Each structure stands twice: as C-alpha cells, then as structure tokens.
Colleague: 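Attaching a single structure in structure tokens format; questions to follow.
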Amino acid sequence: MLPVFVLDDATPGGWRRGAASRWWLHHSLSALAADLARLGLPLVLRRGPAEAAIAALVQDSGATAVMWNRRYEPWNRQRDEGIKVALHAAGIEASSHNGALLREPWEVTTGGGRPYQVFTPFWRALRSLPGPGQPLPVPSGMAAPDRAPAGDRLDDWALRPTRPDWAGGLSRTWTPGEAGARERLASFLDRALPAYRTGRDRPDRDGTSMLSPHLHMGEVSPRTVWNAVEAADADGEAFLRELGWREFCHQLLFHHGDLADAPLRPEFARMPWRDDPQQLAAWQQGRTGYPIVDAGMRQLWQTGWMHNRVRMVAASFLVKDLLLPWQAGEAWFWDTLVDADLANNAANWQWVAGCGADAAPFFRVFNPVLQGEKFDPDGRYVRQFVPELAPLDDRWIHQPWAAPAEALHRAGIRLGRDYPWPIVDHAAARQRALAALDHAKRVAA
DNA sequence: TGAAATGTTGGGGCG
DNA sequence: ACGCCCCAACATTTC
C-alpha cells in the first residue's frame, strides 16, 4: 500500500486551485502525512500532469493496482477517465470510488430518467433512497513497500503565502486535517445542531457547522456527517437539507459542464452587466459603505470563510446593487475561500444571480440594512469585522449614513474618512437592476 | 433561503 | 349613539 498525492495544476479556464485553498491543501497534506506515518505508511507527493505522474509512480513502485476517489469537475473526469484507460491498457488494475458525495450525480433522476432542475423534488428523491451506509473502518494491516519511491517535499510546492503572509487569520480559525474535521463535527453536533434551523441564519453566533472546507478536501465524508447527524439526539432535518444542496450543486455541475462559466438561463447572457473595477475592488475589500456587506467581505479576507447568510447578502449586493457580473464574484470567492468548491461556488452564484437551476428570482433583491437588522440585531458581527463602526449605537450600526451627526460624532466617526459613504444608493440600485433584467428579457424575446 | 407597493381590516379617537 | 377618519397591523400582489 503506497499512499500518493498528485498535484495537477493543469486546470483550464482559470480554475486552478485558489490561494486560500492552496494554503488549506498544504496543511491538510501535512496532517495526512503525519496520520499515515502513525500507521507506518509514507505519503508520496508528486507534481505535474496526473497521467504521467501516475504512470511514473506505477513504474517506480511496481504497483499492480491503482485506486482513487472520483472528482466531478469536467476536466478531472476527463483526465481520470484517460488515466483509467491507460492503466488498463498497461495491464494495471484501476478503480475509482465515491468518497465525496452521498449519491453519485447520475443516480438521482426523475421518473423519466432526467436530472432534476428544481431542488425540492431532487431532495425528496434523494431522501426517499436508502441513506448512505456506515463508513468503513480504517483498514488495518496495511504494509508499506520496502522502499517508497521518491517524492517532492511539501514545502517545495510553496502552497503557503510568503510575502506578505496573509494566512494568520486562517491559522487562528482552522485546523485542516482529519482530526480537525472530526473535532469540528463533534462540536457542531453538541453546540449548534439543536438550534440549527434558526441559529444557522445568525452570523453573530456560532450557529453553522463550518464543515465546508473539511468536506471539500475530503477530510470528512458527507456519509460520516450524515450518519452522525441522524444518530444525534436532535432534529437534524434542516442540516441534512444543506447536505442535499451540496449534492444538488454537484449534480448540476455533472450535467452542465460549463456551470462555472455560463448562465444556465440563456437570457442572462444578455444582461447589461457593468464593468467597474473600482466598485469591484470596493466590494472585494469590504468598503462598500454597507456594514453587513463589508463585515462579510472582511471576514472572508481574514478567515477564508464567510457565514452563509452573509454570502447571500454580499453576493446579492455585487450582482444586483452593483450590477457586476456574477462570474466576478465567483472568481473572487474561488481565490479567497478555504472551502472553494467548483460545484458549490458556481451553483450558488448562479442561484443568487437568478440565472441558475431553481434560482432565486432576479427581482428578489436583499436589502442590506434589513438583512443586517434581522440577522445581526445588535451589530455584534459588524462590530467584530468592521471595528471602526464599533462605537456606533445599535440603532445606526447597519446604516451609519442615516445616523444623526451627533451620534456619529459621539462614536468618533467621520463618514468618508473613517468609514466610506455607501458607494450606491440601495433603492436606486434596486430599480436599476430590475430595469436591466427587463432589458435582457426584451432583447432575448 | 425578499422587499416594496398596494390592499384590507378593525380598533379607537373624535365630532 | 353613530359615522367618519386615521392608522397600525396584517395580507396580498408585484417587482
């Protein structure tokens, strides 16, 4: 048994693993190598086009069989199929397995054998199938080869940032690796699952699982999570549904290979998106002047993660208030999220933009003030990530521009200097977005 | 997994 | 006592 990891960066279309995800990968591999060492096994690292790397490893090790877990990005599917064919041709046993999903994307179909386009019937169908079985135990008695083939040094891959080292906030927030994943799962079951239905919407609380990067990297399987939630002494249905969305997203990517690049609804190709590098930068850097949006974008930059409720608000703001293309937001999230996942990221951006499967209608525009007041009622979340607003009264924390001069003065805040004025007027921006959609529909018709 | 605009209802103040 | 008006609260429609 020879555990191997091949880093293959030959991904088309700008979808090479992003910076935050590379940081995670470094630490995840480091943890994996340590876990394997405890079992007496090496972890051989190779870099380059996977087909050549695997062929070389087979040669170097004398392996007679190669096993791996399936990936669902179109280029990975194509590549893995090529590897399988080449191995078979060379007389090597090759098999792929499902370690990433509850069900294979082709297993959940409508009565007519078509993929679902709407989440709720998809979820009903998935839910009606037998649940995933218990995960298998860690195999025992795996012997390392007498002499492991040479591999790269993890540090030489330079997956971590150097100058500047922006990963401090990531290190403080996360423990990549299987042990970290199990710890996160256990504390979620204990702490947040009982109140998940409502608690998950509160970015000011520890109400979500934060398992997404662990799931993405395969440090815990959705099957393990599913079984643990079902076994818990709490109503886990709302959380299981979120695992269902993850499945739905992967199913969409499987059936629509260009999900990450092209809108599923063709009329959205005609949306008159704006091109405004300055406003895009303001959004990315968390200086839009809308506190809940800025808090979210700064949480993302500092920790590599953003609370799901705030992701929806921030994404809605980019696409609708700023009328910038959803692909620009998708690309930024891809680079900065530790949980960056092609299927989830693409499907959810399309959902927000209103151009995806079962998407939120485009006219459903989040009001950043109301969302802030509803889900961060005493401004704790905003104060954590936008500290310059911390002294402001609760009454104005989500709309500092509306605060009386006296309240701003008391908080020591001068708008335009300490915190930006709103870069757009929400009410006017909302009207502009609705008009843009109207235009796209008319042109399409 | 919205929000704003518009419509309806019903309690209470008041002449 | 009665009708009128105001408006908050809730419901429905529309974007």
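Just so it is clear, the values below take in all heavy atoms, side chains as well, and ignore hydrogens, waters and symmetry mates. First the proteins, then the strands, lettered A, B, ... as listed; each starts at 1. Please read all numbers here as calculations on a predicted model, not as lab measurements.
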Colleague: Please determine if Arg309(A) forms a cation-pi arrangement with Phe375(A), meaning its NZ or CZ atom is less than 6.0 Å from the six-membered ring centre and no more than 45° off the ring axis.
Modeller: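 Because its charged atom sits under 6.0 Å from the ring centre and within 45° of the axis, Arg309(A) does stack over Phe375(A).
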
Colleague: Where do N or O atoms of nucleotides 11-13 of chain C meet protein N or O atoms at under 3.5 Å, pair by pair?
Modeller:
none

Colleague: With a 4.5 Å limit on heavy-atom distance, are the side chains of Arg202(A) and Thr198(A) in contact?
Modeller: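 Not touching, per the 4.5 Å side-chain cut-off.
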
Colleague: Would you say the side chain of Arg383(A) lies within less than 4.5 Å of the side chain of Ile397(A), judging by non-hydrogen atoms?
Modeller: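 Yes, side chains in contact.
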
Colleague: Of Tyr290(A), Trp396(A), Trp421(A), which is the lone residue that meets ring-ring contact (aromatic ring centres under 6.0 Å, His included) with Trp401(A)?
Modeller: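 Single ring-ring contact (aromatic ring centres under 6.0 Å, His included) partner of Trp401(A) among Tyr290(A), Trp396(A), Trp421(A): Tyr290(A).
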
Colleague: Going 5' to 3' along DNA chain B, which nucleotides are the first and last within contact of chain A (any atom under 4.0 Å from a heavy atom)?
Modeller: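 The contacted stretch runs from dT1(B) to dA4(B).
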
Colleague: Parallel, tilted or perpendicular, judged at 30° and 60°: which one describes the rings of Tyr196(A) and Phe239(A)?
Modeller: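 Judged by the thresholds at 30° and 60°, the geometry between Tyr196(A) and Phe239(A) is perpendicular.
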
Colleague: In chain order, what residues pass the ring-ring contact (aromatic ring centres under 6.0 Å, His included) check against Phe122(A), with sequence neighbours excluded?
Modeller: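 Listed in chain order: Phe248(A).
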
Colleague: Report the C-alpha separation of Ser28(A) and Glu219(A) in whole Å, then their side-chain angles, then the decisive distance to 0.1 Å, and conclude whether the side-chain hydrogen bond (donor to acceptor under 3.5 Å, both in side chains) test is met.
Modeller: CA-CA 8 Å; Ser28(A) 189; Glu219(A) 296 166 355; 2.5 Å; yes

Colleague: Which donor-acceptor pairs under 3.5 Å do the side chains of residues 252-262 of chain A make with protein atoms, sequence neighbours left out?
Modeller:
unit_1	atom_1	unit_2	atom_2	d
Asp261(A)	OD1	Trp15(A)	NE1	3.3

Colleague: Step through the shown structure and confirm whether more than 12 heavy atoms of other residues, nucleotides or ligands are within 6.0 Å of CZ on Arg114(A).
Modeller: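 Incorrect, the count does not exceed 12.
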
Colleague: Contact list please: residues 428-438 of chain A against DNA chain C, heavy atoms, distance less than 4.0 Å, in numerical order.
Modeller: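 Nucleic-acid contacts, sorted: Arg430(A), Leu434(A).
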
Colleague: Among Trp349(A), Trp301(A), Trp326(A), which one satisfies ring-ring contact (aromatic ring centres under 6.0 Å, His included) with Trp332(A)?
Modeller: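 The passing option is Trp301(A).
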
Colleague: Could you check whether the rings of Phe333(A) and Trp283(A) sit parallel, tilted or perpendicular, using 30° and 60° as the cut-offs?
Modeller: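 Ring orientation, 0 to 90° scale: parallel.
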
Colleague: Can you see whether Phe362(A) has Lys320(A) sitting over its ring - NZ or CZ less than 6.0 Å from the centre and within 45° of the normal?
Modeller: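 Flagged: Lys320(A) positioned over aromatic ring of Phe362(A).
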
Colleague: Which stems does DNA chain B form, counting runs of 3 or more consecutive Watson-Crick or G-U wobble pairs with both distances under 3.5 Å?
Modeller: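 Listed by first number, the stems are B:2-15 with C:2-15.
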
